[in-house]
Participant: 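This structure is in structure tokens; I'll ask about it shortly.
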Amino acid sequence: MEVMDNNIAIEKCKTSKINDVDFDNLSFGSVYTDHMVVCDYKDGKWLAPKIVPYGPISLNPSAKIFHYGQSIFEGMKAYKDEDGKIWLFRPTDNHARLNKSAERMAIPEIPQSYFMQGLEALLKVDSDWIPQNPGSSLYIRPFMFASGEGFHASPANEYKFIIACAPSGSYFSGKVKVLIEQTYSRAANGGVGYAKAGGNYAGQFYPTKLAAEKGYQQIIWTDDNNHEFIEEAGAMNIFIRINDTLITAPTNDRILDGITRKSILKIAEDEGITTEVRKVSVAEVVAAAKDGSLKEMFGAGTAAVISPLAGFGYDGTDYDLPELEHPFAARLKKRITDIQYNRAEDKFGWRYEVK
Ligand code: PLP
Ligand code: COI
């Protein structure tokens, strides 16, 4: 049966899978809600989004996504507060970044109204799937790819935009040990590093596998010229605390402009923490680790929220970070999650209620 919400056609699933889910033991992104948003691009325009049951999609082997990797995504979360109200965090920033990625990958940009109306209709249909337990949320994965066919190496003429969701717990369990990369690069000047292009992640899997064999969970990517400066992690931006100053690299065309990163910078300023947005060399971090002025390092991203690092490996040596009684990471994580879950005043106007 087709029902309409805000002009979005909704086809409901026959049987919900929700009773199969153990909401007290959620991993990250591995069970999916009952429905998804699907929106097709044909004949030079995006058609209206619709909600359909979550399930397989059919593509021809010649679809360009399989050959030339025209594929981009976003990562967002929906939070349920104590009263059962549903909240998003800076959702139009995700829409804007999706379109920035789309432009770089020669994919047609999608109107904000389609993105937001599709997303809100989906969250209302699947609202029971938004976890209320502490530390859990509904991870939202909007993505877009070339469904149009052809072996000619040129942009496709048809695309699909889909939003699928997964009730999720933490991305990392415990503190993260990272390796500062000295051989491989994630992104290059003039490349696609600032876009959330699927291939950026595929390109990290092999170096990350090598790092995992040595006992590290993530790589800290360094600049592609001579691996001299810290850039970001595979799925997070990086913050470094030297003495009481919180430092993060400036964004550029190799680094994803993280929404968590820019929010943390604002909250840190509001907390009276001195912040610096500047290039940080590996040599500076190693020297700070040796002389004890390196107090904390943490990753920041939607999936990982704020993930403290246990230490890092560089040039064959492991450096541990100290255990602090009152780390910035915990203070900043509390501030940002209190805003996200509607537990505190939203003084920056970042929260968005789905009604
Ligand atoms: N850097 C990379 C490479 C990412 O994949 C992500 C995750 O989205 C981030 C940084 C953090 O971005 P955001 O805070 O917008 O989720
Ligand atoms: C996110 O933080 O939302 C991301 O997209 C990271 C992802 C690679 C899990």
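In each ligand, atom 1 is the first atom listed, and ligand 1 is the first ligand listed.
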Participant: Where does Arg141 meet ligand 2, judged by heavy-atom distances below 4.0 Å: at the side chain, the backbone, both, or neither?
Facilitator: side chain
Participant: Are Arg186 and Glu181 close enough for a salt bridge, meaning some N to O gap below 4.0 Å?
Facilitator: no
Participant: Which residue and non-hydrogen atom of the protein lie closest to atom 16 (O) of ligand 1, and at what distance in Å?
Facilitator: Thr302 OG1, 2.6 Å
Participant: Mark yes or no for whether His95, through its side chain, and Gln112, through its backbone, hold a donor-acceptor pair below 3.5 Å.
Facilitator: yes
Participant: Would the number of heavy atoms belonging to other residues, nucleotides or ligands and lying under 6.0 Å from CG of Asp315 be above 12?
Facilitator: yes
Participant: Looking only at protein heavy atoms, identify the closest one to atom 5 (O) of ligand 1 and say how far it is in Å.
Facilitator: Tyr201 OH, 2.5 Å
Participant: Does ligand 1 have any atom that is closer than 4.0 Å to a heavy atom of Arg97?
Facilitator: yes
Participant: If you measure every N/O of Met76 against every N/O of ligand 2, is any gap under 3.5 Å?
Facilitator: no
Participant: For ligand 2, which atoms sit closer than 4.0 Å to a heavy atom of Phe73?
Facilitator: 5 (O)
Participant: Quick check: does any side chain N or O of Ser16 sit under 3.5 Å from a backbone N or O of Ile18, one acting as donor and the other as acceptor?
Facilitator: yes
Participant: What atoms of ligand 2 come closer than 4.0 angstrom to any heavy atom of Ala235?
Facilitator: 6 (C), 8 (C)
Participant: Any N or O of Lys196 that comes nearer than 3.5 Å to an N or O of ligand 1?
Facilitator: yes
Participant: Considering only protein heavy atoms, which is closest to atom 2 (O) of ligand 2, and at what distance to one decimal place?
Facilitator: Ala303 N, 2.8 Å
Participant: With a cutoff of 4.0 Å, is Ala304 in contact with ligand 1, counting heavy atoms of the residue only?
Facilitator: no
Participant: Please determine if Lys262 and Asp93 form a salt bridge, counting it only when a charged side-chain N lies under 4.0 Å from a carboxylate O.
Facilitator: yes
Participant: I'd like to know whether CD of Glu103 has more than 12 heavy-atom contacts from other residues, nucleotides or ligands below 6.0 angstrom.
Facilitator: no
Participant: Given the rule in the side chain to side chain contact (heavy atoms under 4.5 Å, CB included) test, do Met105 and Val192 qualify, once you have shown the distances and angles that lead to the verdict?
Facilitator: CA-CA 8 Å; Met105 302 305 284; Val192 302; 4.0 Å; yes
Participant: Check for me whether Glu74 has a heavy atom closer than 4.0 Å to any atom of ligand 1.
Facilitator: no
Participant: Which residue supplies the protein heavy atom nearest to atom 14 (O) of ligand 1, what is that atom called, and how far is it?
Facilitator: Thr260 OG1, 2.6 Å
Participant: What about Tyr139: any of its N or O atoms under 3.5 Å from an N or O on ligand 2?
Facilitator: yes
Participant: Report yes if the distance between the aromatic ring centroids of Trp87 and Tyr79 is under 6.0 Å, otherwise no.
Facilitator: no
Participant: Could you tell me, atom by atom, which parts of ligand 1 come under 4.0 Å of a heavy atom of Gly301?
Facilitator: 11 (C), 14 (O), 16 (O)
Participant: So is Ala300 touching ligand 1 or not, going by heavy atoms under 4.0 Å?
Facilitator: yes
Participant: Under 4.0 Å from any heavy atom of Gly258, which atoms of ligand 1 are there?
Facilitator: 12 (O), 13 (P), 14 (O), 15 (O)
Participant: Checking the N or O distance criterion of under 3.5 Å, is ligand 2 in contact with Tyr171?
Facilitator: no
Participant: Is the shortest distance from a Lys or Arg side-chain nitrogen in Asp338 or Lys334 to a carboxylate oxygen in the other one below 4.0 Å?
Facilitator: yes
Participant: Is it the case that atom NZ in Lys175 sees more than 12 heavy atoms from other parts of the structure closer than 6.0 Å?
Facilitator: yes
Participant: With under 30° as parallel and over 60° as perpendicular, where do the rings of Phe298 and Phe239 fit, or are they tilted in between?
Facilitator: parallel
Participant: I'd like to know whether CD of Glu82 has more than 12 heavy-atom contacts from other residues, nucleotides or ligands below 6.0 angstrom.
Facilitator: no
Participant: Heavy-atom distances under 4.0 Å decide this one: backbone, side chain, both or neither, for Arg186 against ligand 1?
Facilitator: side chain
Participant: If you measure from each heavy atom of Ala235 to ligand 1, is any distance below 4.0 Å?
Facilitator: yes
Participant: Tell me: protein heavy atom nearest atom 8 (C) of ligand 2, and distance?
Facilitator: Tyr201 CE2, 3.7 Å
Participant: Which residue and atom name correspond to the protein heavy atom nearest atom 5 (O) of ligand 2, and how close is it?
Facilitator: Lys196 NZ, 2.7 Å
Participant: Are Phe172 and Phe28 close enough that their ring centres sit under 6.0 Å apart?
Facilitator: no
Participant: Which residue holds the protein heavy atom closest to atom 2 (C) of ligand 1, what is that atom called, and what is the gap in Å?
Facilitator: Glu232 OE1, 3.4 Å
Participant: Using distance alone, decide if ligand 1 has a nitrogen or oxygen within less than 3.5 Å of any nitrogen or oxygen in Ile259.
Facilitator: yes
Participant: Name the one of Lys333, Arg331, Lys347 that satisfies salt bridge (charged side-chain N to carboxylate O under 4.0 Å, His left out) with Glu271?
Facilitator: Arg331
